2 protein chains.
Amino acid sequence: MLIGELAARTQVPAKTIRYYEEVRLMAPPARAPNRYRDFDQPAVERLKFIRGAQSLGFGLGEIREIIAYRDRGETPCAHVLDLIQRRSRELVERIDELRRSQKELEKLARRARRLSPKDCEPSQICHLLAPAGSD
Amino acid sequence: MLIGELAARTQVPAKTIRYYEEVRLMAPPARAPNRYRDFDQPAVERLKFIRGAQSLGFGLGEIREIIAYRDRGETPCAHVLDLIQRRSRELVERIDELRRSQKELEKLARRARRLSPKDCEPSQICHLLAPAGSD
DNA sequence: CTTGACCTTCCAGTGTGGAGGAAGGTCTAG
DNA sequence: CTAGACCTTCCTCCACACTGGAAGGTCAAG
């Protein structure tokens, strides 16, 4: 199938598919006599795999690693499990960080609704974002 | 004070301070006769303000907006409150997204520990990351 | 007078994941 | 035969927030 059809089937832009090939995420496909790329069904699966892994937060580099295992004929499972667990732990930390920021923002918003602009002190840029005191 | 001292006081690299000036986050400071930058106390506050706002997830563009209000002599409070609330909502969404990803990863990890590499099907790149079925 | 620690400007590159566009080849329909 | 819808390669650029390095000026100590 041509790149446009693959793009339509997977919802991945043709430009992006060529890019994945360039960065060795997708194997170079067969070429028709007119040099058009001619993709097969596994290409569809691989592309879906890439987007799926991406949506789980894996970067293209990690995805390439996983695929490389498979391409060497090894089962990537142990490696993938490791990646999964690492990313899971990273996510937990990141979520915690964001939750703290979000709480801080809510605190600021409450403070902002209580105070009026008249309380602005010229010495500060904005009291709302001044180093937070107790609230 | 020289840029190095400002850097030491605020823990912001001198290079970054020059960068902030270049992108109009920091006002161009006075210059000594030798053309060295000569910062005053408000520069310290502004720099701390920038880093503080940054740690709350504001981008440099948003921070510049806030500062611009102040520099025009207006109280940025209403605008800032709006930004705070928007970012807070964004964060809630983002956190939810990440939490879903993280749950999905945990599910995959559980599955991985139950299955053995022998279960790998050659037709897939890695069954662990295949489109998830019921678990 | 030299050394070393500062400072200056300017130009270029980092990483991530692509997007945009030019110039040109190919295929199908009418 | 021509239009237009594909496809090809190649090159450049985007946001984001810096960071590195070259080449050179300045200043205080010894």
Side-chain angles (χ1 to χ4, degrees), chain A residues 1-26 28-40 43 46-67 83 87 90-91 94 97-98 101, chain B residues 1-26 28-40 43 46-67 83 87 90-91 94 97-98 101:
Chain A
M1 96 194 62
L2 296 184
I3 198 169
E5 192 186 334
L6 179 59
R9 279 203 209 180
T10 56
Q11 301 297 301
V12 177
K15 208 104 201 190
T16 301
I17 297 172
R18 289 194 198 97
Y19 169 70
Y20 286 168
E21 182 185 334
E22 187 192 328
V23 298
R24 304 193 335 280
L25 264 169
M26 297 287 286
R31 295 288 183 139
N34 57 12
R35 298 195 38 71
Y36 287 12
R37 287 174 180 80
D38 183 16
F39 293 96
D40 50 11
R46 177 166 289 205
L47 213 38
K48 284 185 185 166
F49 173 79
I50 292 170
R51 296 303 257 208
Q54 225 178 353
S55 79
L56 287 175
F58 291 99
L60 298 188
E62 289 169 320
I63 298 173
R64 180 165 42 231
E65 269 187 81
I66 297 170
I67 293 178
L83 277 179
R87 176 137 296 272
E90 280 168 18
L91 267 188
R94 181 83 185 118
E97 231 176 83
L98 292 185
S101 282
Chain B
M1 98 194 62
L2 296 184
I3 199 170
E5 192 186 335
L6 179 59
R9 279 204 208 180
T10 57
Q11 301 298 300
V12 177
K15 205 106 200 186
T16 301
I17 297 172
R18 289 193 199 97
Y19 169 72
Y20 286 168
E21 181 184 336
E22 187 192 328
V23 297
R24 304 191 336 279
L25 266 168
M26 298 285 288
R31 296 287 183 139
N34 57 11
R35 300 194 35 73
Y36 287 10
R37 286 173 180 80
D38 183 16
F39 292 95
D40 50 12
R46 177 166 289 203
L47 213 37
K48 285 185 183 167
F49 173 78
I50 292 171
R51 297 303 256 206
Q54 226 178 352
S55 79
L56 287 176
F58 291 99
L60 297 188
E62 289 170 321
I63 298 173
R64 180 166 40 231
E65 270 188 81
I66 296 169
I67 293 177
L83 277 179
R87 177 136 298 273
E90 279 168 18
L91 268 188
R94 181 83 185 117
E97 231 176 82
L98 293 185
S101 283

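These figures come from a predicted structure and were not determined experimentally. By convention in this document, chain letters (A, B, ...) are assigned in the order of the sequence lines, proteins followed by strands, and residues within each chain are numbered from 1.
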Might you point out which heavy atoms bring [X] and [Y] nearest each other, and give the distance in Å?
{"X": "B:Ala7", "Y": "B:Ala14", "answer": "CB-N, 3.8 Å"}
{"X": "B:Ser101", "Y": "A:Ser55", "answer": "OG-O, 3.5 Å"}
{"X": "B:Ala43", "Y": "B:Met26", "answer": "O-CE, 3.7 Å"}
{"X": "B:Pro29", "Y": "B:Glu21", "answer": "CD-OE1, 3.5 Å"}

So, do [X] and [Y] sit near enough that their side-chain heavy atoms are less than 4.5 Å apart?
{"X": "A:Leu60", "Y": "A:Tyr20", "result": "yes"}
{"X": "A:Arg24", "Y": "A:Ile67", "result": "no"}
{"X": "B:Phe49", "Y": "B:Ile63", "result": "yes"}
{"X": "A:Phe39", "Y": "A:Thr10", "result": "no"}

Next on the checklist: Apply side chain to side chain contact (heavy atoms under 4.5 Å, CB included) to residues A:Tyr36 and A:Ile3 and explain how you reach the verdict.
Outcome noted: CA-CA 8 Å; A:Tyr36 287 12; A:Ile3 198 169; over 6 Å; no
Checklist entry - With a 4.0 Å cut-off on heavy atoms, is A:Arg37 in touch with a base, just the backbone sugar-phosphate, or nothing at all? => result sugar-phosphate
Item to check | salt bridge (charged side-chain N to carboxylate O under 4.0 Å, His left out) involving B:Arg9 - partner list, sequence neighbours excluded | outcome: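 In terms of salt bridge (charged side-chain N to carboxylate O under 4.0 Å, His left out), with neighbours along the sequence ignored, B:Arg9 is linked to B:Glu5.
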Checklist entry - Residues two or more places apart in sequence or in another chain: which of them pass salt bridge (charged side-chain N to carboxylate O under 4.0 Å, His left out) with B:Arg94? => result B:Glu97
Next on the checklist: Can you give me the bend angle of the helix from C:dC1-D:dG30 to C:dG30-D:dC1? Use the axis through the first five pairs and the one through the last five, nearest 10 degrees.
Outcome noted: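 For the helix from C:dC1-D:dG30 to C:dG30-D:dC1, the axes at opposite ends meet at about 30°.
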Item to check | Pairs meeting criterion salt bridge (charged side-chain N to carboxylate O under 4.0 Å, His left out) with involvement of residues 49-63 of chain B, two or more places apart | outcome: B:Glu62-B:Arg87
Checklist entry - Looking at residues 28-36 of chain B, who's got a heavy atom less than 4.0 Å off DNA chain C? => result B:Arg31, B:Arg35, B:Tyr36
Checklist entry - Can you give one letter per nucleotide of nucleotides 13-20 of chain C, 5' to 3': B if a protein heavy atom sits under 4.0 Å from the base, S if only from the sugar-phosphate, - if neither? => result ----BBSB
Checklist entry - First and last nucleotide of DNA chain D touching chain A, 5' to 3', heavy-atom cut-off 4.0 Å? => result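 Using the under 4.0 Å cut-off, the span is D:dC6 to D:dT9.
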